[in-house]
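The structure under discussion appears below in the form of structure tokens.
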Amino acid sequence: MNGQIDQRTVLLMLVGCGTVYAAFEHPSFGTALVVGVALVTLLHLLMWER
């Protein structure tokens, strides 16, 4: 590891933060923590290098 954050990591963090914020603003969408974690996990799995 060279100390730099790659673009995937930044994208995952931004999407996770945006999702948690949206869930807090609209509680009917579900618990913010569950939504954020589920979306970040899904994106991580989809972008996993094989």
Side-chain angles (χ1 to χ4, degrees):
M1 182 104 189
N2 59 7
Q4 295 180 347
I5 298 176
D6 65 346
Q7 292 175 348
R8 284 190 316 174
T9 304
V10 174
L11 176 66
L12 289 172
M13 290 178 4
L14 287 174
V15 169
C17 290
T19 303
V20 171
Y21 175 76
F24 271 130
E25 288 294 315
H26 306 286
S28 62
F29 290 141
T31 306
L33 184 60
V34 173
V35 171
V37 168
L39 185 61
V40 169
T41 302
L42 178 64
L43 284 174
H44 180 69
L45 290 173
L46 289 174
M47 294 191 307
W48 180 55
E49 295 179 19
R50 296 173 192 233

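Just so we're clear, the structure is a prediction, and the values are computed from it rather than from any experiment.
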Check the pair Leu11, Leu43 against side chain to side chain contact (heavy atoms under 4.5 Å, CB included), reporting the backbone distance first and the verdict last. CA-CA 9 Å; Leu11 176 66; Leu43 284 174; 5.6 Å; no
Using the rule that Ile, Leu, Val, Met, Phe, Trp and Tyr join whenever any side-chain heavy atoms are under 4.5 Å apart, tell me whether Leu39 and Met13 fall into a single cluster. no
How many angstroms lie between atom CG of Leu42 and atom NE2 of His44, to the nearest 0.5 angstrom? 11.0 Å
In terms of hydrophobic clusters joined by side-chain contacts under 4.5 Å, are Met47 and Val15 together? yes
